[in-house]
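This chain uses plain numbering: 1 for the first residue, then up along the sequence. Please read all numbers here as calculations on a predicted model, not as lab measurements.
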Amino acid sequence: MINKERLFARILEVGEIGKGEDGEINCLAFSPEDKSAVELVAAYMQEAGLSVRMDAAGNLIGRREGRNPHAAVVMTGSHIDTVYDGGMFDGRLGILGGIEALQAMNEQGIITEHPIEVYIYRDEEGTRFASGFSGARHLVGIVRPEILSHTDKDGISMAEALRANGIDPERVGEAALPPGYAKAQVELHIEQGKVLESQNLSVGVVTGICCQSRGKIVIKGDAGHAGATPMNLRRDPLVAAAEIILVIEKVAQGKGTAVATVGRINALPGGVNVIPGLVEFSIDVRAQAAEIREAVIEEILAQAREICSKRSVELDFQLLSKGGEPKPCSEDIQGVISEACETLGLPVFKLPSGAGHDSGSFASFCPMGMIFVRSKDGISHNPAEWSSPEDCADGAHVLYQTLLKLAIQVN
């Protein structure tokens, strides 16, 4: 049904843009590299026989017409921007797999009742401007004017970067799609974890996208001389932080599929012969239910306060972001994806997403679903990110069948 070699060749070709000496890819949102990647994918869309347009927010759309051009659109796609030193599969597989599915339909002369559109949703990662999912959110009418003033590490504002890409920052709200525009949104994406690999499966059916909260814990004690301050007279915030980090791990382990991560820690003043006076560290908590996420945070903070009280240090917690409610995938679309797997002789395996995705923005706009593809060693956001040509083809085959079913093949 789809051309495996063509699909993988395109993944590799796009992966050359912004590629460094060690294989790392830097294709940040609205950067020159991002612009080049979008232009290359636009050429792929044209080769596939799609009509191509860019909306007011910079999202690139390739459209395959249906027998009824006024029927609700079946949407698919993902993002092309990367994190710093990222990989070549995150997001890109969903875009290129969607183009491949539509090109295969054209080559086979298939007619569908509904139009199908494949999207590049811009600025999914939020790495450059701390803005995440802005392209998808603009499509569903969520406009955040404040992000236009966000600047990158070079002092370039998001508004300036948009203008450099030919996008008027004052008009991004015009990208909003009207109610009823979409029949469904389906995203093909690498798993970015080890679950499918642990099950020896190439493809999975996603049940929902997690909700997450991010915060910062700051602990204040007394800086002091490492040799002259007896152990029993110390108010060491780093030791308290170490205890709390172990609590974070233990609490999350006891809450089903919840996960909690400390990814960044800083101890000040930072001398090898100085007891720290202040420690701050990040905390990222995710779960498939908001009440579980909140329970994890509350239990962690309760135990953290006890630890700090016993050690006579001060604790401050700042909630930096709260990712709202979890985004369940449509049961109907899960069913269509499951049928596609069965048609192809692939096992039906369901799993949640522990990462955020563009599709989450569509959860209240139209029925939404996701297909996961196995990630080697569960690695993502890393140059070592890899999914085999065979696994990518399996995912694209499932997407092809899913889109056909949703768009209703008529010949």
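- The side-chain heavy atoms of His138 and Asp55, taken from C-beta on, include no pair separated by under 4.5 Å.
- What you find for Arg214 and Arg286 is that their closest heavy atoms are NH2-NH2, 3.3 Å.
- Between the side chain of Glu100 and the main chain of Asn3, a donor-acceptor pair closer than 3.5 Å is present.
- Note: Arg92 CZ to Leu188 CG = 14.5 Å, rounded to the nearest 0.5 Å.
- Looking only at side-chain heavy atoms (C-beta outward), Phe372 and His189 come within less than 4.5 Å of each other.
- By the side-chain hydrogen bond (donor to acceptor under 3.5 Å, both in side chains) test, Ser131 pairs with Asp123, sequence neighbours left out.
- The minimum heavy-atom distance between Gly87 and Thr82, with the atom names listed, is O-CG2, 4.1 Å.
- Here the side chains of Arg293 and Val296 are not in contact, with every heavy-atom distance at 4.5 Å or above.
- In this structure, the side chain of Asp377 does not engage the main chain of Ile379 through any donor-acceptor pair within 3.5 Å.
- Here the straight-line distance linking atom CD of Glu65 with atom CD1 of Ile111 works out to 12.0 Å at 0.5 Å rounding.
- Under the salt bridge (charged side-chain N to carboxylate O under 4.0 Å, His left out) criterion, Glu13 pairs with no residue at all, not counting sequence neighbours.
- Side-chain contact of Asn26 with Asp85: a donor-acceptor pair under 3.5 Å is present, judged by distance alone.
- A donor-acceptor contact shorter than 3.5 Å is absent between the side chain of Lys250 and the backbone of Ile248.
- Across Asp358 and Ala136, no two heavy atoms sit closer than the pair OD1-CB, 3.7 Å.
- Annotation: side chain of Thr151 is in contact with side chain of Ser157 (closest heavy-atom distance under 4.5 Å).
- Listed for the Glu385 side chain is a donor-acceptor partner under 3.5 Å among the backbone atoms of Asp90.
- With hydrogens and angles disregarded, a donor-acceptor distance shorter than 3.5 Å links the side chain of Ser330 to the backbone of Asp332.
- To the nearest 0.5 Å, the span separating CG on Leu96 from CZ on Arg10 amounts to 7.5 Å.
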Run the side-chain contact (heavy atoms from CB on, under 4.5 Å) check on Ile142 and Ser361 step by step: do they pass?
-> CA-CA 9 Å; Ile142 301 173; Ser361 300; 5.8 Å; no

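- Between Glu117 and Arg53 there is a salt bridge, since at least one side-chain N of the basic residue sits less than 4.0 Å from a carboxylate O of the acidic one.
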Checking side-chain contact (heavy atoms from CB on, under 4.5 Å) for the pair Ser387/Leu93: CA distance, chi angles, key distance, verdict?
-> CA-CA 9 Å; Ser387 292; Leu93 174 61; 5.5 Å; no

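- Looking at Thr343, its side chain does come within 3.5 Å of a backbone N or O of Glu339 through a donor-acceptor pair.
- Between Glu113 and Lys183, none of the side-chain N atoms (NZ, or NE/NH1/NH2) sits under 4.0 Å from a carboxylate O, so this pair counts as no salt bridge.
- By the 30° and 60° cut-offs, the orientation of the rings of Phe8 relative to Phe89 is tilted.
- Every pair passing salt bridge (Lys or Arg N to Asp or Glu O under 4.0 Å) that includes a residue from residues 147-161 is listed here, sequence neighbours excluded: Arg128-Asp152.
- For the pair Glu47 and Arg6, the salt-bridge criterion is not met [side-chain N within less than 4.0 Å of a carboxylate O].
- No side-chain heavy atom of Leu344 sits under 4.5 Å from any side-chain heavy atom of Asp394.
- Listed by chain and number, the residues in a salt bridge (charged side-chain N to carboxylate O under 4.0 Å, His left out) with Glu24 amount to none (sequence neighbours excluded).
- Residue Leu404 holds its CG atom at 9.5 Å from CG of Leu102, rounded to the nearest 0.5 Å.
- Using bins of under 30°, 30° to 60° and over 60° for the plane-to-plane angle, the ring pair Tyr119/Tyr121 lands in the parallel bin.
- Asp34 has a carboxylate O that lies under 4.0 Å from a charged side-chain N of Arg122, or vice versa, which qualifies the two as a salt bridge.
- The shortest distance between side-chain heavy atoms of Phe365 and Leu139 does not fall below 4.5 Å.
- Using a 4.5 Å heavy-atom threshold, the side chains of His114 and Ile408 count as touching.
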side-chain contact (heavy atoms from CB on, under 4.5 Å) between Ile110 and Tyr400, intermediate numbers included = CA-CA 12 Å; Ile110 288 173; Tyr400 172 102; 3.2 Å; yes

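- Between the side chains of Gln192 and Ser375, not a single donor N or O lies within less than 3.5 Å of an accepting N or O.
- The SG atom of Cys329 sits 4.5 Å away from the CE atom of Met368 when rounded to the nearest 0.5 Å.
- A donor-acceptor pair is defined here as one N or O able to donate and one able to accept, closer than 3.5 Å; no such pair exists between the side chain of Glu107 and the backbone of Met1.
- Side chain of Thr76 to backbone of Val118: no donor-acceptor contact under 3.5 angstrom is found.
- Nearest heavy atom pair, residue Ile190 against residue Ser380, reads CD1-OG, 4.0 Å.
- Two residues are said to be in side-chain contact when any heavy atoms from C-beta on lie closer than 4.5 Å; Val74 and Thr112 fail this criterion.
- In this structure, Glu170 CD and Leu162 CG are separated by 10.0 Å, a value rounded to the nearest 0.5 Å.
- Of the possible polar contacts, none joining the Gln185 side chain to the Cys366 backbone as a donor-acceptor pair under 3.5 Å is found.
- Ser78 places no side-chain N or O within 3.5 Å of a backbone atom of Glu187 that could act as its donor or acceptor partner.
- In the displayed structure, Arg144 atom CZ is contacted under 6.0 Å by more than 12 heavy atoms of other residues, nucleotides or ligands.
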I'd like a table of donor-acceptor pairs (distance under 3.5 Å, sequence neighbours excluded) in which one partner is a side-chain atom from residues 302-312, with atom names and distances.
unit_1: Arg311; atom_1: NE; unit_2: Glu243; atom_2: OE2; d: 2.6
unit_1: Arg311; atom_1: NH2; unit_2: Glu243; atom_2: OE2; d: 2.9

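- Residues Asn106 and Arg64 come closest through the heavy atom pair OD1-NE, 2.7 Å.
- Closest non-hydrogen pair, Ser338 versus Lys350, comes out as OG-CE, 3.8 Å.
- Applying the side-chain hydrogen bond (donor to acceptor under 3.5 Å, both in side chains) criterion to Glu39, with sequence neighbours excluded, gives no partner residue.
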